Amino acid sequence: MKAAVRRRYGSPDVVEVEEIEEPSPSDDEVLIQVNAVSLNSSDWEFLTGTPAYVRAWGLLRPRYKVLGSDIAGRVEAVGKSVKKLRPGDEVFGDILGCWGGLAEYTCAPEDSLMLKPASMSFEQASAMPQAALVALQGLCDKGRIQSGQRVLINGAGGGAGTFAVQLAKSLGAEVTGVDSARKLELMRSVGADYVIDYTQEDFTKNGQRYDLILDLAACRSVFDNKRALSPKGSYVAVGGSLARILEVLFLGPLLSMGGRKMGILGAQANKGMARMVELFEAGTVVPVIDRTYALTEAAEALRYLGEGQALGKVVVAVCEGGDFHKR
Ligand SMILES: NC(=O)c1ccc[n+]([C@@H]2O[C@H](COP(=O)([O-])OP(=O)(O)OC[C@H]3O[C@@H](n4cnc5c(N)ncnc54)[C@H](OP(=O)(O)O)[C@@H]3O)[C@@H](O)[C@H]2O)c1
């Protein structure tokens with residue numbers, strides 16, 4: 001089968017599409033013909049080997065040669081202990097523990113997959129797992145969002161941010177989206193009431209107060225973020241600079257002793273997907289896909305993601321109706 005393979009850490013230049021052996025499922029796994037895979041920051045981190053903690057999965061050379069964890073495809077074969085899925089089922093999910101999505105076939109435990117609704121394309125399904133669930137878990141589970149709240153989403157023009165804006169609006173919040181200038185229109189189009197270009201304005205210094213801040217691009221100190229919270233407001237750090245995330249981890253509990261709360265989201269793979277599917281089917285939340293690449297263009301797709309250019313999600317379409325994409 002064809003796969004986008006890399007054997008060392010580095011830039012997208014280390015990725016090459018080549019023929020490798022098709023994987024075979026263990027007892028609790030299914031073999032999936034991959035139709036689409038969306039890229040996440042984790043793909044970039046595991047590609048480049050930075051930040052350093054990803055080297056726990058291969059100090060000098062990466063353990064996983066094929067990246068790609070948010071997949072959608074069709075079940076080809078099932079292992080002996082698989083109970084729910086059958087060959088022919090259309091599935092999607094986050095297979096972060098296994099990787100291997102940037103390939104024509106991959107294997108994953110059946111528990112990491114759910115049935116794809118017919119109304120959702122494979123590309124849309126692949127765009128959902130990490131990004132939609134970071135938004136859901138960050139706003140609802142950790143942030144306990146309430147209707148009528150003033151919610152700020154930092155990094156609102158990216159993969160998770162575009163889901164978060166739609167979700168927060170659907171839950172009755174007044175939403176401010178923060179991102180770079182070229183993403184202002186996108187943030188408005190998915191429902192943001194107010195938008196801020198972070199290169200022009202620091203939301204922690206403009207005198208506004210928010211009931212909930214979902215920070216997908218943490219780059220300001222916890223003290224600055226605390227200042228932007230209303231007296232009972234919550235700050236949820238999701239991603240961004242490792243130094244800032246560690247700051248929230250260690251200082252957040254101390255700073256949460258007044259009325260405000262400051263903490264980190266540790267997202268759980270695939271938790272809450274059924275709810276996101278319902279919102280998709282109701283037309284409330286729609287994945288924003290910026291570009292779709294062919295598998296042969298996997299390196300370009302990763303480069304585009306790494307440059308931070310993407311307006312929403314970047315998808316690699318591997319095969320459609322059995323015909324593999326080629327350009
Ligand atoms: N905590 C968890 O369990 C968990 C799980 C999954 C993912 N994550 C993390 O969640 C984060 C968001 O994921 P994603 O897929 O949405 O990433 P993404 O698509 O790269 O989006 C991040 C957005 O933040 C913007 N941005 C960069 N610097 C900014 C700044 N200083 N102020 C405001 N916005 C800024 C980027 O735009 P520009 O590049 O144009 O500036 C981009 O639009 C990532 O860091 C990821 O690692 C965390």
Side-chain angles (χ1 to χ4, degrees), residues 38-46 51 53-54 69-70 93-97 112 127-146 149-171 173 175-179 198 203-204 210-226 228-230 232-257 260-276 279 285 287 312-313:
S38 83
L39 302 179
N40 292 292
S41 305
S42 46
D43 289 286
W44 183 256
E45 292 167 358
F46 277 76
Y53 65 78
V54 303
S69 61
D70 276 6
D94 175 357
I95 61 162
L96 189 59
S112 61
M128 301 273 290
Q130 271 192 48
L133 296 183
V134 158
L136 178 71
Q137 293 173 26
L139 289 171
C140 298
D141 300 351
K142 188 85 183 168
R144 307 217 169 267
I145 188 171
Q146 303 286 328
Q149 281 187 329
R150 301 188 76 205
V151 173
L152 181 134
I153 296 159
N154 194 37
T162 44
F163 280 107
V165 173
Q166 296 177 70
L167 184 59
K169 278 303 295 176
S170 75
L171 296 170
V175 178
T176 300
V178 183
D179 213 303
Y198 73 83
F203 72 83
T204 64
Y210 300 95
D211 303 309
L212 173 59
I213 297 175
L214 185 72
D215 200 348
L216 301 159
C219 58
R220 292 183 176 80
S221 79
V222 273
F223 304 102
D224 286 346
N225 282 306
K226 187 180 180 193
L229 286 177
S230 60
K232 294 215 158 127
S234 298
Y235 170 83
V236 179
V238 179
S241 137
L242 183 60
R244 291 305 186 197
I245 296 284
L246 290 175
E247 205 179 75
V248 183
L249 182 67
F250 292 112
L251 296 179
L254 284 174
L255 295 173
S256 298
M257 289 205 271
R260 300 175 176 90
K261 289 197 178 65
M262 306 194 79
I264 296 175
L265 173 73
Q268 292 179 49
N270 300 308
K271 179 173 173 260
M273 190 57 94
R275 182 167 172 200
M276 289 313 292
L279 290 169
V285 169
K313 293 288 297 178

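Owing to the predicted nature of the structure, the values given are computational and were not obtained by experimental measurement.
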* ring-ring contact (aromatic ring centres under 6.0 Å, His included) partners for F46, two or more places apart ->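 F46 satisfies ring-ring contact (aromatic ring centres under 6.0 Å, His included) with W57, W99 once adjacent residues are dropped.
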* To do: Check step by step if side chain to side chain contact (heavy atoms under 4.5 Å, CB included) holds for D141 and Q268.
  => CA-CA 11 Å; D141 300 351; Q268 292 179 49; over 6 Å; no
Could you check I245, V238, D215 and say which one makes a side-chain contact (heavy atoms from CB on, under 4.5 Å) with I264?
->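 Option passing the side-chain contact (heavy atoms from CB on, under 4.5 Å) with I264: I245.
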Check: Of K271, M128, M276, which is the lone residue that meets side-chain contact (heavy atoms from CB on, under 4.5 Å) with L133?
Finding: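 Going through the options one by one, the only one that passes is M276.
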From [X] [atom1] over to [Y] [atom2], what is the distance, rounded to the nearest 0.5 angstrom?
| X | Y | atom1 | atom2 | value |
| --- | --- | --- | --- | --- |
| T162 | K313 | OG1 | NZ | 8.5 Å |
| C140 | L167 | SG | CG | 5.0 Å |
| S241 | R220 | OG | CZ | 12.0 Å |
| I145 | L214 | CD1 | CG | 8.5 Å |
| D70 | S42 | CG | OG | 7.0 Å |
| M262 | I213 | CE | CD1 | 7.0 Å |

Exercise for the section: Please lay out, stage by stage, how F163 and V134 fare under the test side chain to side chain contact (heavy atoms under 4.5 Å, CB included). Expected result: CA-CA 9 Å; F163 280 107; V134 158; over 6 Å; no
Specify the closest pair of heavy atoms between [X] and [Y], including all atoms of both residues, with the distance to one decimal.
| X | Y | value |
| --- | --- | --- |
| V248 | P253 | O-CD, 3.8 Å |
| G143 | L212 | CA-CD1, 3.7 Å |
| S112 | I95 | OG-CG2, 3.6 Å |
| A135 | A160 | CB-O, 3.8 Å |

(request) List for me each residue that meets side-chain hydrogen bond (donor to acceptor under 3.5 Å, both in side chains) alongside Y210, sequence neighbours excluded, and say none if there are none. (result)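 For Y210, no residue satisfies side-chain hydrogen bond (donor to acceptor under 3.5 Å, both in side chains) once neighbours in sequence are set aside.
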Item checked: Stepwise side chain to side chain contact (heavy atoms under 4.5 Å, CB included) test for N154 and F203 -> CA-CA 9 Å; N154 194 37; F203 72 83; 3.8 Å; yes
Side chain to side chain contact (heavy atoms under 4.5 Å, CB included), that's the test. Do L242 and Y53 meet it? Break it down for me. CA-CA 10 Å; L242 183 60; Y53 65 78; 4.1 Å; yes
*Does any pair with a residue in residues 243-252 pass side chain to side chain donor-acceptor pair (under 3.5 Å), and if so which ones, sequence neighbours excluded?*
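Applying side chain to side chain donor-acceptor pair (under 3.5 Å) to every pair that reaches into residues 243-252, excluding sequence neighbours, yields R244-E247.
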